[in-house]
Peer 1: 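Below are the structure tokens for one structure; questions will follow.
Numbered from 1 within each chain, the chains take letters A, B, ... in sequence-line order.
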Amino acid sequence: MFKIALPDGSVREVAPGTTPGDVAAAIGPGLAKAAIAARVNGELRDIGRPFEGDAQLALVTSRDEADALDLARHDYAHVLAEAVQNLFPGTQITFGPATDDGFYYDFAPKDRPFTEEDLPAIEEEMRRVIAKDAPLVREVWTRDDLIAYFKAQGETFKGEWAAELPEGEELTVYRAGDWLDMCRGPHLASTGKLDPQAFKLTRVSGAYWRGDQKNAMLSRIYGTGWLNKKQLQEHLTRLEEAAKRDHRKIGQEMDLFHLQQEAHGSVFWHPKGWMIWRQLEAYMRRKLDAAGYQEIKTPQLMDARLWEQSGHWGKYRENMFVVPDEVPNTEEQGPVISGDAAWMALKPMNCPAHVQVFRQGITSYRDLPMRLAEFGCCHRNEPHGALHGIMRVRQFTQDDAHIFCRADQLVEEVRIFCDLLDGIYKDLGFENYAIKLALRPEKRFGSDEMWDWAEQSLRDAVAATGRATPEFGWEELEGEGAFYAPKLEFHLTDAIGRTWQCGTLQTDTVLPERLDASYVGEDGQRHRPIMLHRAILGTFERFIGILIEHHAGRFPLWLAPVQAVVATIVSDADGYAEEVRATLAAAGLRVETDTRNEKINYKVREHSLAKVPALLVVGKREAEEGTVAVRRLGQEGQQVVKVEDLIAMLKDEATPPDLR
RNA sequence: GCCGGGUUAGCUCAGCUGGUAGAGCAACCGCCUUGUAAGCGGUAGGUCGUCGGUUCGAGUCCGACACCCGGCACCA
């Protein structure tokens with residue numbers, strides 16, 4: 001007999017062969033019906049998998065939402081795979097996990113990849129599979145049997161995978177009627193436990209076998225899956241809301257910027273978008289000045305020899321724009337470049353240039369830490385498929401800085417940086433962010449000892465700020481560091497819960513060495529400084545994109561490109577509208593007038609859609625009384641106030657947070 | 001870069017199986033002088049992404065290329 005301990009503290013004795021489902025049934029019919037899986041000694045398991053000894057048992061019901069969703073999504077993935085093989089015989093199955101909002105399955109198609117047009121038919125077939133309500137039965141197979149089975153089925157991908165699993169490992173398959181897949185499980189008791197109305201196939205895409213570019217391209221089908229129809233619909237609504245925030249859509253609607261074919265991957269900023277940039281840059285400049293940074297500006301184009309020395313030529317050249325350092329002959333067919341041309345490159349990073357500034361003259365230990373900042377414009381030749389609106393571009397401007405310091409100053413510099421970043425994120429409306437440590441990548445410079453030291457120093461420095469905690473999402477990411485240094489990553493959370501990596505801080509001893517940066521120490525000897533690469537926004541392009549999506553275009557007043565529009569009701573008020581505009585402009589507000597021959601309804605609608613924070617309506621009455629009728633974006637009513645009171649009302653909000 | 005889908009007026013989109021383009025909004029002109037989310041009428045606007053091919057004839061079919069979108073890989 002096994003002793004099964006329940007969460008209420010009671011213990012039941014059961015015979016070998018008993019399952020969690022049997023225990024649920026013994027407790028009561030209600031629980032038996034509700035239980036969909038079990039946690040046995042903490043491990044999520046099938047409801048029908050017999051106990052193997054004494055155990056702690058907690059039955060899982062749909063009220064345990066995280067577990068229930070995970071199980072359902074994993075089941076949907078299996079149902080998807082079965083449906084696809086029913087409809088498209090010869091399609092090979094590979095791998096299909098649950099995701100944050102659903103599931104996907106990667107297939108090796110027989111003759112053509114799937115397209116979105118295939119999805120409705122596959123959804124229908126999935127509903128048929130669910131309706132069959134086949135029990136999902138767990139079976140333990142030997143590795144050799146599995147390999148033989150997949151070989152017989154023509155499933156070469158699954159076969160390859162099984163063959164690579166350690167010999168002797170206990171492998172499980174899940175069988176649903178005639179169909180089976182190698183899978184760790186666990187699963188729901190049968191396909192019929194899924195709600196046929198709670199999933200939707202959303203898109204198709206390519207995906208490399210095992211995530212490696214060198215491998216075959218598989219055809220992936222994505223779906224979203226939930227416990228019931230209501231949840232599905234809520235999710236679809238959330239997706240629609242997120243789509244409305246898309247910075248590309250809002251950027252066009254608000255006339256902030258555009259992109260075009262002839263400069264793909266580079267942004268054309270319009271007056272309104274550039275105003276946001278200017279406000280953000282001015283704010284950052286004040287923060288950096290106050291934090292002891294010195295701003296510099298360094299060249300865009302530098303000789304290849306410098307990039308060779310820095311190591312970028314070797315490790316980063318595929319991402320660099322390279323130009324010949326000569327005036328090419330221009331023939332009809334185009335420029336001709338001589339064979340022995342020297343090469344220059346547009347900078348993909350600012351660090352080598354900053355080292356050049358550091359190297360000028362002799363630097364004393366008394367000058368450290370030296371914090372050199374630049375709103376540095378960089379170019380990177382990104383893979384074309386990676387470009388995305390203004391979030392991922394080929395020309396961008398970083399809020400970059402390099403701190404040259406001694407090893408004993410490192411912890412303090414990290415602390416100062418974390419505090420600076422913390423304040424800036426909060427000023428910009430981001431209350432929550434996570435910190436991660438990206439560890440050494442395979443492609444790197446420097447000795448293992450150097451990496452050991454650099455990684456540990458960042459670990460210790462963050463711990464010293466008290467932020468290496470679960471509240472800050474602290475974790476270490478293997479292999480994700482830069483080629484010259486490990487990096488701290490700061491991921492902020494936006495208004496709809498998405499996270500974005502923006503800030504970074506890297507501890508680098510490689511570049512000072514390669515570019516021969518040194519300072520004179522107290523001992524009169526030359527020493528290598530440590531170089532901290534750091535950014536807070538990351539890039540202006542991407543950060544403004546994030547701001548647009550975070551605020552859904554409704555910028556806080558201090559960032560809004562147009563802070564108020566004075567809209568007239570009758571043309572008799574045109575002169576007064578201009579007076580109001582001039583008064584507000586003199587008070588430092590960004591205001592436009594709208595004296596077009598249109599009804600006030602029309603103007604209200606148009607400026608509301610344009611997300612103007614304050615609409616100031618003036619008619620005959622206001623002109624006579626020296627007032628405006630203020631309508632704030634997102635609010636229904638309006639408030640009639642004197643112009644000077646309006647200035648007082650808006651002044652604080654219109655002031656950047658660091659100047660309030 | 002890879003897989004799939006796109007590219008038609010300033011914007012959003014229609015155009016079936018080939019017979020040389022259409023709507024709404026915006027723009028412009030006029031009427032209306034207007035009170036808080038679209039007042040009414042009229043006018044103009046496109047070598048249908050680029051190049052090539054098939055055809056008597058291509059927005060429509062085929063090919064190449066460019067860019068965009070969704071993913072993959074890469075990444076700030």
Peer 1: Distance between the P atoms of B/rC3 and B/rG63, in whole angstroms?
Peer 2: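 Roughly 15 Å separates the two P atoms.
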Peer 1: Could you give the CD-to-P distance, from A/E636 to B/rG35, as a whole number of Å?
Peer 2: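 A/E636 atom CD is separated from B/rG35 atom P by 18 Å.
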Peer 1: Within the pair A/R605 and B/rG39, is there a side-chain N or O less than 4.0 Å away from OP1 or OP2?
Peer 2: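 Answer no for this pair, as no side-chain N or O of A/R605 is under 4.0 Å from OP1 or OP2.
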Peer 1: Just to be sure I understand the rule, does A/L218 reach a base, reach only the sugar-phosphate, or reach nothing, if contact means heavy atoms closer than 4.0 Å?
Peer 2: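 Touches nothing.
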Peer 1: Would you call A/F375 and A/E295 a side-chain contact if the rule is heavy atoms closer than 4.5 Å?
Peer 2: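 Yes, their side chains come closer than 4.5 Å.
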Peer 1: What class does the angle between the rings of A/W277 and A/F540 fall in, given that below 30° is parallel, 30 to 60° is tilted and above 60° is perpendicular?
Peer 2: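 Ring orientation of A/W277 relative to A/F540: parallel.
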Peer 1: Using atom C1' of each nucleotide, how far apart are B/rC13 and B/rG59 to the nearest Å?
Peer 2: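 Those two atoms are separated by 15 Å.
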Peer 1: If you check the A/R203 side chain, which of B/rG35, B/rA38, B/rG70 turns out closest?
Peer 2: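 Selected nucleotide (nearest to the side chain): B/rG70.
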Peer 1: Hey, does A/I600 reach any base, or is it just sugar-phosphate, or nothing, if we go heavy atoms under 4.0 Å?
Peer 2: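 Sugar-phosphate, backbone atoms only, no base.
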Peer 1: Closer than 3.5 angstrom, by distance alone: can the side chain of A/R632 be matched with the main-chain N or O of A/P613 as a donor-acceptor pair?
Peer 2: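 Yes, the answer is positive, given that a donor and an acceptor are paired below the 3.5 Å cut-off.
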Peer 1: Counting the atoms with a prime plus P, OP1 and OP2 as sugar-phosphate, which does A/E606 contact under 4.0 Å by heavy atoms, base, sugar-phosphate, or nothing?
Peer 2: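 Here A/E606 touches no strand at all.
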Peer 1: Under 4.0 Å between a Lys/Arg side-chain N and an Asp/Glu carboxylate O for A/R248 and A/D246?
Peer 2: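 Counted as a salt bridge, because a side-chain N and a carboxylate O are separated by less than 4.0 Å.
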Peer 1: Measure NZ/A/K599 against C1'/B/rU36 and give the value in whole Å, please.
Peer 2: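 So the NZ-C1' distance, A/K599 to B/rU36, works out to 14 Å.
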Peer 1: Please report the distance, rounded to the nearest Å, between CD in A/E253 and P in B/rG10.
Peer 2: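 Roughly 18 Å, once rounded to whole Å.
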Peer 1: In whole Å, what is the span from the CD atom of A/E262 to the P atom of B/rG49?
Peer 2: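 The distance from CD of A/E262 to P of B/rG49 comes to 15 Å, rounded to the nearest Å.
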Peer 1: Taking the same atom, P, in B/rC61 and in B/rC11, what whole-Å distance lies between them?
Peer 2: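 Rounded to whole Å, the distance is 24 Å.
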Peer 1: When you check the side-chain N and O atoms of A/E578 and A/T593, is any donor under 3.5 Å from an acceptor?
Peer 2: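 Per modelled atom types, A/E578 and A/T593 side chains form no pair under 3.5 Å.
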Peer 1: Less than 4.0 angstrom between a side-chain N/O of A/Q260 and OP1 or OP2 of B/rG49, yes or no?
Peer 2: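 For B/rG49, neither OP1 nor OP2 has a side-chain N or O of A/Q260 closer than 4.0 Å.
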Peer 1: Quick one: does any side-chain atom of A/H533 pair with a main-chain N or O of A/C351 as donor and acceptor, under 3.5 Å?
Peer 2: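 Answer holds: no.
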Peer 1: Please tell me if A/N601 has a side-chain N or O lying less than 4.0 Å from either OP1 or OP2 of B/rA37.
Peer 2: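 So the side-chain polar atoms of A/N601 do come within 4.0 Å of the phosphate oxygens OP1 or OP2 of B/rA37, strictly under.
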Peer 1: For A/H384 and B/rC67, is the shortest distance between a side-chain N/O and OP1 or OP2 below 4.0 Å?
Peer 2: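 Result: yes.
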Peer 1: Work out how far the C1' atom of B/rU34 is from that of B/rG46, and round it to whole angstrom.
Peer 2: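 Roughly 36 Å separates the two C1' atoms.
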Peer 1: Under the criterion salt bridge (charged side-chain N to carboxylate O under 4.0 Å, His left out), which of A/K487, A/R444, A/R440 is the partner of A/E455?
Peer 2: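 Only match with A/E455 under salt bridge (charged side-chain N to carboxylate O under 4.0 Å, His left out): A/R440.
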Peer 1: Which part of the nucleic acid, if any, lies within contact of A/H607, taking any heavy atom under 4.0 Å across all strands shown: a base, the sugar-phosphate backbone alone, or nothing?
Peer 2: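 Nothing, no nucleic acid heavy atom in range.
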Peer 1: On RNA chain B, check which nucleotide each of A/L609 and A/S571 is closest to and give me the residue with the more 5' one.
Peer 2: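 Its nearest nucleotide lies further toward 5', so the answer is A/S571.
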Peer 1: Taking only the P atom of each, what is the distance from B/rG15 to B/rA9 in whole angstrom?
Peer 2: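 B/rG15 and B/rA9 have their P atoms separated by 15 Å.
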Peer 1: Base, sugar-phosphate or nothing for A/K603? Non-hydrogen atoms, less than 4.0 Å.
Peer 2: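 The residue A/K603 makes no contact with any strand.
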Peer 1: Could you check whether A/G389 gets within reach of a base, just the sugar-phosphate, or nothing at all, counting any heavy atom under 4.0 Å?
Peer 2: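 Sugar-phosphate contact only - A/G389 comes under 4.0 Å of backbone atoms but never of a base.
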Peer 1: According to the Watson-Crick and G-U wobble definition with distances under 3.5 Å, which dot-bracket string, read 5' to 3', encodes RNA chain B, using [ ] for crossing pairs and | for pairs with another strand?
Peer 2: (((((((..((((.....[..)))).(((((.......))))).....(((((..]....))))))))))))....
Peer 1: Which label fits A/Y104 and A/F95: parallel for a plane angle under 30°, tilted from 30 to 60°, or perpendicular past 60°?
Peer 2: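 The arrangement is perpendicular - the two ring planes meet at more than 60°.
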Peer 1: Distance check, C1' atoms only: B/rC25 and B/rC40, in whole angstrom units.
Peer 2: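 Result for the C1' pair: 16 Å, nearest Å.
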Peer 1: When you compare the protein's N or O atoms with those of nucleotides 72-76 of chain B, which come within less than 3.5 Å of each other, and at what distance?
Peer 2:
| residue | atom | partner | partner atom | Å |
| --- | --- | --- | --- | --- |
| B/rC72 | O4' | A/G206 | O | 3.0 |
| B/rC72 | O2' | A/Y208 | N | 3.1 |
| B/rA73 | O2' | A/Q213 | NE2 | 2.4 |
| B/rC74 | O2 | A/R392 | NH1 | 3.4 |
| B/rC74 | O2 | A/R392 | NH2 | 2.6 |
| B/rC74 | N3 | A/R392 | NH1 | 3.0 |
| B/rC75 | O4' | A/R392 | NH2 | 3.4 |
| B/rC75 | O2 | A/R392 | NH1 | 3.1 |
| B/rA76 | OP1 | A/K487 | NZ | 3.2 |
| B/rA76 | OP2 | A/K487 | NZ | 3.2 |
| B/rA76 | O2' | A/R542 | NE | 2.9 |
| B/rA76 | N6 | A/E382 | OE2 | 2.8 |
| B/rA76 | N6 | A/V393 | O | 2.6 |
| B/rA76 | N1 | A/V393 | N | 3.4 |
| B/rA76 | N1 | A/V393 | O | 3.3 |

Peer 1: From CG of A/D246 over to P of B/rU12, roughly how many Å is that when rounded to an integer?
Peer 2: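 Taking atom P of B/rU12 as the reference, CG of A/D246 is at 12 Å.
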Peer 1: To the nearest angstrom, how far is A/L615 atom CG from B/rG35 atom C1'?
Peer 2: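 Answer to the nearest Å: 12 Å.
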Peer 1: So, do A/F490 and A/F430 have ring centers that fall under 6.0 Å from each other?
Peer 2: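 That pair fails the under 6.0 Å test.
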Peer 1: Between B/rC68 and B/rA27, how many Å separate the two C1' atoms, rounded to a whole number?
Peer 2: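 The answer is 26 Å between these two C1' atoms.
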Peer 1: Are A/R203 and A/Y222 in a cation-pi setup, meaning NZ or CZ lies under 6.0 angstrom from the ring centre and within 45 degrees of the ring axis?
Peer 2: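 Verdict for A/Y222: a cation-pi partner in A/R203.
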Peer 1: Please give, in whole Å, the distance from B/rG70 C1' to A/R248 CZ?
Peer 2: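 Between C1' of B/rG70 and CZ of A/R248: 9 Å.
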Peer 1: Report the C-alpha separation of A/T115 and A/D118 in whole Å, then their side-chain angles, then the decisive distance to 0.1 Å, and conclude whether the side chain to side chain contact (heavy atoms under 4.5 Å, CB included) test is met.
Peer 2: CA-CA 6 Å; A/T115 74; A/D118 296 323; 3.8 Å; yes
Peer 1: Under 3.5 Å, which protein N or O atoms sit close to an N or O of nucleotides 7-9 of chain B? Give each pair with its distance.
Peer 2:
none

Peer 1: Return the orientation label for the A/F107 and A/F114 ring planes: parallel under 30°, perpendicular over 60°, tilted otherwise.
Peer 2: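 Because their plane-to-plane angle is over 60°, the rings of A/F107 and A/F114 count as perpendicular.
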Peer 1: For nucleotides B/rG6 and B/rU43, find the distance between their C1' atoms and express it as a whole number of Å.
Peer 2: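 Going atom to atom, C1' in each nucleotide, I get 33 Å.
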Peer 1: Applying a 4.0 Å non-hydrogen cut-off, can you work out what A/T115 is touching in the nucleic acid: base, sugar-phosphate, or nothing?
Peer 2: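 Sugar-phosphate only.
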Peer 1: Measure distances between side-chain N and O atoms of A/E622 and base N and O atoms of B/rG35, and say whether any donor-acceptor pair falls under 3.5 Å.
Peer 2: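 In this structure, the two groups form a donor-acceptor pair.
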Peer 1: When A/I390 is tested against each of A/F543, A/F396, A/F257 for side-chain contact (heavy atoms from CB on, under 4.5 Å), which residue passes?
Peer 2: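 Among the candidates, only A/F257 passes.
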Peer 1: Please evaluate residues A/F445 and A/D508 with respect to the criterion side chain to side chain contact (heavy atoms under 4.5 Å, CB included), reporting the C-alpha separation (whole Å), side-chain torsions for both, the decisive distance (0.1 Å), and the verdict.
Peer 2: CA-CA 10 Å; A/F445 282 133; A/D508 180 10; over 6 Å; no
Peer 1: Select base, sugar-phosphate, or nothing to describe what A/A629 touches, counting heavy atoms under 4.0 Å on all strands.
Peer 2: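 Base, at least one base atom sits under 4.0 Å.
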Peer 1: Taking any heavy-atom pair under 4.0 Å as a contact, classify A/E116: base, sugar-phosphate, or nothing.
Peer 2: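 If one applies the 4.0 Å heavy-atom cut-off, A/E116 turns out to touch nothing in the nucleic acid.
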Peer 1: Hey, does A/K426 have a side-chain heavy atom less than 4.5 Å from the side chain of A/E431?
Peer 2: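 When only atoms from C-beta onward are counted, A/K426 and A/E431 do touch, with a gap below 4.5 Å.
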Peer 1: Find the distance A/H247:NE2 to B/rC68:P and express it as a whole number of Å.
Peer 2: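 It is 12 Å, rounded to the nearest whole Å.
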